[in-house]
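Remember, it's a predicted structure, so these values are computed and weren't measured experimentally. All values below were derived from every heavy atom in this structure, side-chain atoms included, with hydrogens, water molecules and symmetry-related copies excluded.
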Amino acid sequence: MNAQPSTLERLKALVGENGWSDDPDRLHPKLVEWRERWVGETPLLLLPRTTEEVSKIVRLCAETGTAIVPQGGNTGLVGGQIPHGEVLLSTERLNRIRETAPEDDVMVVEAGVTLLRAQTAAAAAGRFFPLSLAAEGTATIGGNISTNAGGTAVLRYGTMRDLVLGLEAVLPSGDVFHGLKRLRKDNTGYDLKQLLIGAEGTLGVVTAAALKLFPVLNDRAVATVALKGPADAIALLHRAKAESGGAVEAFELMNALGVSFAETHMGLRPPLGGAPPWIALIELASGEAGLAERAMERLLAAALEEDLIQDAALAQNQTQAEAMWAVREGQSGAQKPEGSAWKHDISVPVSAVAEFIARASREVERIAPGARVVAFGHVGDGNIHYDVLRASGSDEAAHSALRDKGAKAVHDIAVGLGGSISAEHGLGAMKSKEALGYKSAVEIASLRAIRAALDPKRIMNPNVMF
Ligand SMILES: Cc1cc2nc3c(=O)[nH]c(=O)nc-3n(C[C@H](O)[C@H](O)[C@H](O)COP(=O)(O)OP(=O)(O)OC[C@H]3O[C@@H](n4cnc5c(N)ncnc54)[C@H](O)[C@@H]3O)c2cc1C
């Protein structure tokens, strides 16, 4: 239920003068998703500064049946952070680094801290926080947790589920879950924090987290290689793992079209000449000086010898490494001038990546002849961003009209191969309904029972999930 006028006044009083806004100019950037795919509305933006304020807000909303959408950096890719008449609760001012504790390899940060600030705070404490993604300057830790973000280093460090040791959250009743433990082992029953991770704001508001830190690995080697196809990329990935003794930090795949868009629309020079059909970016990292580079050189030499790769460039310095990464990180943004794409964020078992791409491409060609596929992503995690642009010169609206049909075909193939329709972006407004078609009745009933038990009035992000 959307807020009554009297409830709005009571909510404003809870947070004080600087803690709310209904000024359209202030609200605008929080109501529009960055690609403008979702544009929302809200009667009130709330900007609590403390967990206690969040608790009071949620308690009042629970009493009055007022719906809330939590929002961090508004970088989410499935629209779950955009309100449609609900009160908008921003974590913008919940932005303190509460503690860095290198002796426990832990830091405790509030939900509104950006990922970049968290990484910087870890570095200042002589440690490494490995979550990394292109939106890290704006995306917040609360948003990363709520979408169970993955990013480029999942291969070695896991997703946010693996990186959170403890959580503090306000549950839909307004009660505070004080779960900021920093234990590596805690086998005391159901794990409430894991339910909140990936809950996309439906089970409460995350207010702070205890995050796992790692040693800084300064010895790094970054290379880009030319490949004939995704199957060779998987063979190379296994080679790289073995050759480096598990030091593969990232293994990313891109196809020629995506690389060409990064050059045309972002001015990013391709790392390799000759427009190879596929390229992979590999990063190795170790704590022992020279080890990563030696392992990379051995890997590339053997792979060239065996014709597993056709060309390779090893970054000679940080600037070159960053230039290689810029091409990878530009893959999504560089498509924008080409018009809207059917976007898919799928995962399959690593061994099925090549089959997925081949089958999906055949099916897309059948549905939309000539459509252009930009496939890229975290191939080391079996996660491919499979984006389909209209055929050159064809009608934008006609292509968009086929989006759902295309998504169904692509998702059916991924799920048929034992995969998922959302590898890392979540369900949000985009995929919540569709996901119902891919989950069993048993699973849906169980998940709904959990949600109803915690949030009987369904006030938390009501349009998202099941
Ligand atoms: C350019 C770009 C590249 C990306 N690359 C990757 C990638 O490589 N890997 C990957 O996994 N993801 C990637 N993402 C998605 C990214 O993980 C999410 O955008 C990000 O984690 C969301 O953080 P946010 O603070 O912006 O959250 P928002 O967008 O504000 O919110 C996202 C969801 O979380 C909920 N939420 C936010 N904060 C809280 C909170 N404190 N408590 C409860 N619920 C909350 C919202 O209601 C919403 O449902 C990328 C996004 C962009 C824009």
Side-chain angles (χ1 to χ4, degrees), residues 29-42 67-86 88-91 111 115 131 133-136 138-151 154 159-161 196-206 331-333 335-336 340-347 374 376-378 381 383-388 400 403-404 406-408 410-411 414-415 419-439 444 447 451 458 460-466:
K30 295 189 185 296
L31 296 177
V32 181
E33 187 254 3
W34 66 290
R35 296 160 303 179
E36 297 177 18
R37 287 186 71 171
W38 290 276
V39 179
E41 53 178 327
T42 184
I68 313 172
V69 172
Q71 188 183 91
N74 188 15
T75 70
L77 294 169
V78 287
Q81 71 279 16
I82 303 294
H84 296 280
E86 300 90 344
L88 182 61
L89 188 154
S90 167
T91 56
L115 174 54
L131 184 75
L133 43 90
E136 62 200 21
T138 311
T140 63
I141 292 297
N144 300 153
I145 289 171
S146 302
T147 57
N148 182 29
V154 171
T159 66
M160 215 50 178
R161 279 198 196 286
L196 285 151
I197 299 172
E200 300 184 42
T202 62
L203 296 181
V205 182
V206 173
Q331 290 297 294
S332 195
Q335 296 169 25
K336 219 175 164 184
S340 68
W342 313 341
K343 299 239 173 203
H344 310 97
D345 162 40
I346 66 90
S347 65
V374 175
F376 64 98
H378 318 295
D381 312 322
N383 175 194
I384 298 295
H385 301 306
Y386 189 87
D387 299 343
V388 184
S400 295
R403 184 190 303 270
D404 290 350
K408 169 120 180 50
V410 169
H411 290 161
V415 172
S420 163
I421 68 164
S422 182
E424 58 177 14
H425 297 159
L427 297 177
M430 191 180 186
K431 293 187 190 165
S432 287
K433 278 204 187 82
E434 190 187 354
L436 288 172
Y438 292 105
K439 291 199 180 273
I444 293 166
L447 296 174
R451 183 171 187 171
R458 203 178 169 99
M460 295 302 311
N461 219 350
N463 298 316
V464 166
M465 268 192 232
F466 320 116

Checklist entry - Is there a side-chain hydrogen bond (donor to acceptor under 3.5 Å, both in side chains) between E86 and N461 once you walk through the steps? => result CA-CA 8 Å; E86 300 90 344; N461 219 350; over 6 Å; no
Minimum heavy-atom distance between [X] and [Y], given as atom pair plus value:
X: V78; Y: G426; answer: CG1-O, 3.6 Å
X: I82; Y: Q71; answer: CD1-NE2, 4.4 Å
X: K343; Y: M430; answer: O-CE, 4.2 Å
X: R35; Y: K336; answer: CA-NZ, 4.1 Å
X: A414; Y: S420; answer: CB-O, 4.2 Å
X: S90; Y: K30; answer: OG-NZ, 3.7 Å

So does [Y] get a backbone contact from the side chain of [X], meaning a donor-acceptor N/O pair under 3.5 Å?
X: S432; Y: A429; value: no
X: S347; Y: A423; value: no
X: N74; Y: V32; value: yes
X: N383; Y: I346; value: yes
X: R161; Y: I145; value: no
X: E33; Y: E36; value: yes
X: E136; Y: L133; value: yes

Nearest-0.5 Å distance, [atom1] of residue [X] to [atom2] of residue [Y]:
X: K433; Y: F466; atom1: NZ; atom2: CZ; result: 12.5 Å
X: I68; Y: L88; atom1: CD1; atom2: CG; result: 10.5 Å
X: D345; Y: E424; atom1: CG; atom2: CD; result: 5.0 Å
X: Y386; Y: F376; atom1: OH; atom2: CZ; result: 13.0 Å
X: N144; Y: I197; atom1: CG; atom2: CD1; result: 11.5 Å

Next on the checklist: With side chain to side chain contact (heavy atoms under 4.5 Å, CB included) as the criterion, how do R37 and S340 come out once you've worked through the C-alpha distance, each side chain's angles and the decisive distance to 0.1 Å?
Outcome noted: CA-CA 10 Å; R37 287 186 71 171; S340 68; over 6 Å; no
Next on the checklist: Is there a side chain to side chain contact (heavy atoms under 4.5 Å, CB included) between T140 and L115? Walk through the geometry before answering.
Outcome noted: CA-CA 5 Å; T140 63; L115 174 54; over 6 Å; no
Checklist entry - Taking atom types as modelled, is there a side-chain donor on D387 or Q331 under 3.5 Å from an acceptor on the other? => result no
Checklist entry - Do you see a donor-acceptor pair shorter than 3.5 Å between the side chains of T138 and T75? => result no
Checklist entry - Where do W34 and L77 land on the side chain to side chain contact (heavy atoms under 4.5 Å, CB included) test, with the steps shown first? => result CA-CA 9 Å; W34 66 290; L77 294 169; 3.4 Å; yes
Checklist entry - What class does the angle between the rings of H425 and H385 fall in, given that below 30° is parallel, 30 to 60° is tilted and above 60° is perpendicular? => result parallel
Next on the checklist: Angle between ring planes, H344 versus H411, binned at 30° and 60°: parallel, tilted or perpendicular?
Outcome noted: perpendicular
Checklist entry - Please walk me through it: do N148 and T159 pass side-chain hydrogen bond (donor to acceptor under 3.5 Å, both in side chains)? => result CA-CA 6 Å; N148 182 29; T159 66; 3.0 Å; yes
Next on the checklist: So, applying side chain to side chain contact (heavy atoms under 4.5 Å, CB included) with P70, which one of E200, Q81, M460 is it?
Outcome noted: M460
Next on the checklist: Walk me through whether I421 and K431 qualify under side chain to side chain contact (heavy atoms under 4.5 Å, CB included).
Outcome noted: CA-CA 8 Å; I421 68 164; K431 293 187 190 165; 4.3 Å; yes
